[in-house]
K.L.:
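So that we are looking at the same thing, I have put the structure below in C-alpha cells.
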Amino acid sequence: MKIKTLSRQSFVIFLLTAISFVAVFGQQTSTQPVPSVERLRAHINYLASDKLEGRRTGSEGANLAAEYIAKEFSRCGLQRSIGWDTPGMSILEADSPNRYLQKFPYVAGVELGKNNQLSIVPVMGPGIVAQLFELKVSDDWMPLGLSSNTKLENLEVAFAGYGISSAELKYDDYAVSAVKDRAAIVLAGTPDGDNPHGQFARAGDIRFRVAAARAAGARALIIIASEPNFKDDRLSRLSYDNAGEAGLPVLVVSRGVAARILGVRDGDDLSPYEKLADARLGSSTGSAATALSNTSNSASLRVPVAGLKLSISTDVVRREVDAANVVGIVNGFDPVLKNEFIVIGAHYDHLGRGGEGSLAPREGDIHHGADDNASGTAGLLELARIFASSDSPRPRRTIVFIAFSGEEEGLLGSSYYVNHPLRPLGNTVAMINMDMIGRMKNNKLIVGGVGTAEGWRRVIDSSAKFWGIGVTPVPASYGKPLAGELTAKPESSSARAKQSANGSLTATLDSIRALDLTLSEDGYGPSDHSSFYAKKVPVLFLWTGTHEDYHKPSDTADKINYEDESHILSFVARIIRSVDANDARPAYTVAKSESQGRTMGFRVYLGTIPNYADSGDGLLLDGVRDDSPAAKAGIKAGDWIVKLAGREVHNVYDYTYALGEMKAGQEYLVELLRGTERMKLTITPAARK
C-alpha cells in the first residue's frame, strides 16, 4: 500500500520548509562534497585487508586500523580529541595521530602462569602412601582463559553428562549427578551434537555450563575434549572473552586423561559414558553399572568416581593492553549551538582470526569484516571529510566522529566513552550509528531508534516523502512488518526534482537513490548506539541487514555494494543537516521496546541493560528500561546485581542463567550494590510477549 498523498496545503507547507532548509546552508548545496565511491572502496580495501588480520581488539591489526583512521581524520582537518593545550603535553606530541585516540583498558589475551598443576591421587588403604600421577599442562590438560586461579587438594570427581541445566528446556544434568563439593567432569558438545542452531546451543555455551556447575555446588568444572588429538581441540587453545572470571577453576582434559579419571579400561574409549550422558534418558537406561560392566569402574555413572581424587592448581595470567576509540571533531560555528554535540559513530574492530563470536567452522582464518564493520567505518570517514570540507556548509553544532573499538566483545569502546565522554554527554543531542551498511539489497535500509526522540519520525518521514523513499514501520523485529502496518515502495530509483504549482523548478535534488526504509522504534540493540541510549541520548541506527558471510572469513571487500553505500551516506548526511538546522534539539523519549522478540527463548523479561565492559564481581547495569519490572522494583542504572533468585551473580552469564529459571508473575529476591550500600529488593518478572 502506498503512503497517502499529501494534501495541497500540506505540500505547500512542506515545500516552503524544504526551500528554507536550502536557504539555511546558502547556495553551496549544489557544489558541496558528496560521498565518494572510490574513497569508500580504498578505505574498505585497506581495513578489510589481510594486513590487518581481522582487526581483533587489542591486536596489531586493530592498532593499524586506529592509526589509519586517525591519519584520515588529520588529513581532513578534524580537531583532535585531546589538544596541544592539555597540561604537560608538547606541541610535537599533540601533532601525533595518537592525539585522536581515547584509550581504554582491554584484556588482549591470556597465557599460562607458573603454577598450573593437575594430579590424579589414587585412594589407597590405611598406611599405604599414594603415588601421584601428574599430568602435563598443554599436552594432557589446559585451564580455560576464563578460569579462576585457585588451588584445590584431594577433590572427588563426579560425571555430570554434558553439564547442562536449563529450566526452559526441562533438562538438568545436575539433577541426576552428585557434584556438590566435587569436581564435575562433563562431555563437550550437547545432547543434539554441535548444531549451532539446535535447542541446546545457548545452554551448551561454556559460560552457561560454568554458571550451571556453580549453581549445583561444584568446586571445579572439567570438560572432556571432543577431538582425539588434544591439541586439535578448540578448547585446548587459551582464549579470553572479556566477560570476567568464572568463579571456579575450569579446565579441559584430553580424552585419554578423562578415561583414566573415569576408570575406563579400553584406552580413551568413552562411548559408555557418551551413550548415557543425556539426562533425558533417565529411567530408560536402567543401572549405569550394567552399561559399564566392561570398565574397571562398575559404580553408577553419575555418582562420585571411586578410587581416586584430583589435586588442581590453575594459574592464568591476563595480559592487559590499551585499546582505543578514535575521536575527531568538527567544531560548530554558532556561538551558542556549538556547545551541543551530534555524535556519529561506527565500530572498526572485528573478529581477528576467529574464535569467540565466529560462525566459521574453524579458527585461524582471517575474518576480514568488510561489511562488519569496515563499511560503517569507511562511511564515518567519508562523512567526516564532507562535514570538515571548506566547500561544505559549516554545521552550527559540533559534530563528534567516533570510531569505536571493542564492539564485538560487548560494546566495550562505546560503553567506555559514555562513562568518560570527551564532550559533555548532557549536551550530546543525538547519536547516529552505522554498523554493516555495505550490503544493501533492493534498496532496503533498516533504521532503528526512531522512537527515541519525538522529532525522528518527522525528520525521516519528511525526507522519505520528499525523496520518494518508502517506509515500513516495524515494531516487533527487523525485516518483518506486522499485518496491517503501512508499507510503501520507492517511487523511483533515481533523484527527482520537485516543482511548484506553476511548474517552475524550486529545488534540485542531489543523487540520493530512493530507498526502501524499514523503521524500528527501539533504541537498544546489538551495537554501539545502545550505550548512548542507556544514557538517555536519542539515537538512530542504520544497517542493511545480515547475510551469509556474517562473522565469517568470507565477509570480504569485493562483496560490498559501494554505490549503494554512497547513497546511504547521502541520506545520513541529510539527517545530520536536518538535526543541525533545527534550533531545538531532538527531544528524548522512551521508545517502545522491541527486543522481547529477540530473546534466545527466555520466558520472562526484567528490563535491565547489562554492562559488558566491566568484568568486576557482579553484573553492572548500564540502564533500566522505563516501566519495566526492574524499574518497578527500584533497580537503577549503576547498580551491581550480586544475587538473583537465589543464585550468586558474578557476571552476565550467571545473571542469564538465573533469568532462565525464573517464572513470570512470581516474586524473587534480588541483591545489589548501590555505591557502598548492599540492598535487597523484590522483583516480579513479566512474561515475554
Side-chain angles (χ1 to χ4, degrees), residues 55-58 62 65-66 101-108 207 240-244 322-327 343-352 356-357 369 372-373 376-377 380 400-422 425 428 430-437 448-449 452 520 522-543 546 550-551 591 593-595 598 600 607-616 618-625 637-638 640-641 651-653 655-656:
R55 312 184 305 279
R56 174 73 79 170
T57 302
L101 304 185
Q102 182 195 35
K103 296 181 179 180
F104 60 90
Y106 174 77
V107 177
R207 284 281 184 175
Y240 185 64
D241 60 6
N242 275 276
D322 283 334
N325 298 322
V326 191
V327 187
V343 172
I344 314 300
H347 76 89
Y348 69 88
D349 63 299
H350 195 52
L351 300 179
E356 187 71 27
D372 186 14
N373 186 35
T377 305
L380 182 80
V400 182
F401 295 90
I402 311 178
F404 297 106
S405 190
E407 190 270 356
E408 299 288 3
E409 279 81 6
L411 317 184
L412 304 185
S414 57
S415 178
Y416 187 85
Y417 180 87
V418 298
N419 288 296
H420 306 84
L422 296 176
L425 208 62
T428 299
M431 189 273 185
I432 300 175
N433 183 35
M434 299 174 291
D435 194 346
M436 296 176 62
I437 58 171
T452 65
S520 168
D522 207 346
Y524 292 109
S527 193
D528 292 305
H529 58 286
S530 290
S531 299
F532 286 80
Y533 184 57
K535 299 293 186 181
K536 301 189 182 304
V537 175
V539 299
L540 286 177
F541 171 47
L542 294 97
W543 72 305
T546 191
Y550 173 71
H551 279 198
S593 173
E594 298 170 7
S595 64
R598 301 183 292 277
M600 297 189 298
T608 55
I609 311 300
N611 179 305
Y612 295 95
D614 203 303
S615 58
L619 177 71
L620 175 63
L621 298 181
D622 266 345
V624 174
R625 291 181 183 270
W640 285 84
I641 294 179
N651 51 47
V652 69
Y653 293 89
Y655 171 81
T656 308

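Keep in mind that what you see is a predicted model, and the values were worked out from it rather than measured.
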K.L.:
List in chain and number order the residues that pass side-chain contact (heavy atoms from CB on, under 4.5 Å) with Ser414, two or more places apart in sequence or in another chain; answer none if no residue qualifies.
P.N.:
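Testing Ser414 for side-chain contact (heavy atoms from CB on, under 4.5 Å), a comparison that skips the adjacent residues, returns Phe404, Leu411, Asp528, Ser531, Phe532.
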K.L.:
Tell me, do Leu422 and Gln102 make a side-chain contact under 4.5 Å, heavy atoms counted?
P.N.:
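They are in contact (side-chain heavy atoms under 4.5 Å apart), so the answer is yes.
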K.L.:
Using side-chain contact (heavy atoms from CB on, under 4.5 Å) as the criterion, list what pairs up with Leu621, not counting sequence neighbours.
P.N.:
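Leu621 satisfies side-chain contact (heavy atoms from CB on, under 4.5 Å) with Thr608, Leu619, Val624, Ile635, Ile641 once adjacent residues are dropped.
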K.L.:
Looking at Gly623 and Ala637, what are the two nearest heavy atoms and their distance?
P.N.:
CA-CB, 3.8 Å
K.L.:
Compare all side-chain heavy atoms of Asp349 with those of Glu409 and state whether any distance is below 4.5 angstrom.
P.N.:
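Answer yes - side chains close enough.
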K.L.:
Is there a side-chain contact between Ser405 and Phe104 in this structure, where contact means two heavy atoms from C-beta onward sitting under 4.5 Å apart?
P.N.:
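Side-chain contact under 4.5 Å: yes.
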K.L.:
Not counting sequence neighbours, which residues clear side-chain contact (heavy atoms from CB on, under 4.5 Å) with Asn419? List them please.
P.N.:
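Result, side-chain contact (heavy atoms from CB on, under 4.5 Å) vs Asn419: Ser415, Lys535, Asn611, Asp622.
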K.L.:
Drop me the distance from Thr377's OG1 to Asp372's CG, to the nearest 0.5 angstrom.
P.N.:
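It is 9.5 Å, given to the nearest 0.5 Å.
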K.L.:
For Asp435, give me all partners under side chain to side chain donor-acceptor pair (under 3.5 Å), at least two apart in sequence or on another chain.
P.N.:
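Here the qualifying residues are His347, Ser527.
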K.L.:
Closest heavy-atom contact between Tyr348 and Arg55?
P.N.:
O-NE, 2.5 Å
K.L.:
Restricting to non-hydrogen atoms, name the atom on Thr452 and the atom on Gly449 that form the minimum distance, rounded to 0.1 Å.
P.N.:
OG1-O, 2.7 Å
K.L.:
Test of understanding: with ring pair (Phe, Tyr, Trp, His ring centres under 6.0 Å), list the residues that count as partners of His350, not counting sequence neighbours.
P.N.:
His551
K.L.:
Within the 4.5 Å heavy-atom criterion, are Ile402 and Met431 side-chain neighbours or not?
P.N.:
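No; the side chains remain at least 4.5 Å from each other.
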K.L.:
Where is the tightest heavy-atom contact between Ala62 and Thr57, given as atom of each residue plus distance?
P.N.:
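For Ala62 and Thr57, the tightest heavy-atom pair comes out as CB-CA, 4.2 Å.
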K.L.:
How long is the gap from OH on Tyr533 to CG on Asp522, to the nearest 0.5 Å?
P.N.:
7.0 Å
K.L.:
Just so I know, are the side chains of Tyr524 and Arg625 near enough to count as touching, which here means a heavy-atom distance under 4.5 Å?
P.N.:
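Yes, side chains in contact.
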K.L.:
Can you measure from CD1 (Ile437) to CH2 (Trp543) and round to the nearest 0.5 angstrom?
P.N.:
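These two atoms lie 13.0 Å from each other.
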K.L.:
Could you walk me through whether Leu101 and Val326 satisfy the side chain to side chain contact (heavy atoms under 4.5 Å, CB included) test, starting with their C-alpha distance in whole Å, then the side-chain angles of each, then the deciding distance to 0.1 Å, before giving a yes or no?
P.N.:
CA-CA 5 Å; Leu101 304 185; Val326 191; 3.8 Å; yes
K.L.:
For residues Asn433 and Val539, determine if any side-chain heavy atom of one lies less than 4.5 Å from a side-chain heavy atom of the other.
P.N.:
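Not touching, per the 4.5 Å side-chain cut-off.
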K.L.:
Applying ring pair (Phe, Tyr, Trp, His ring centres under 6.0 Å), name anything that partners Tyr106, two or more places apart in sequence or on another chain.
P.N.:
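Applying ring pair (Phe, Tyr, Trp, His ring centres under 6.0 Å) to Tyr106 gives none.
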K.L.:
Give me the atom names and distance for the closest heavy-atom approach of Ala346 to Met434.
P.N.:
CB-O, 3.4 Å
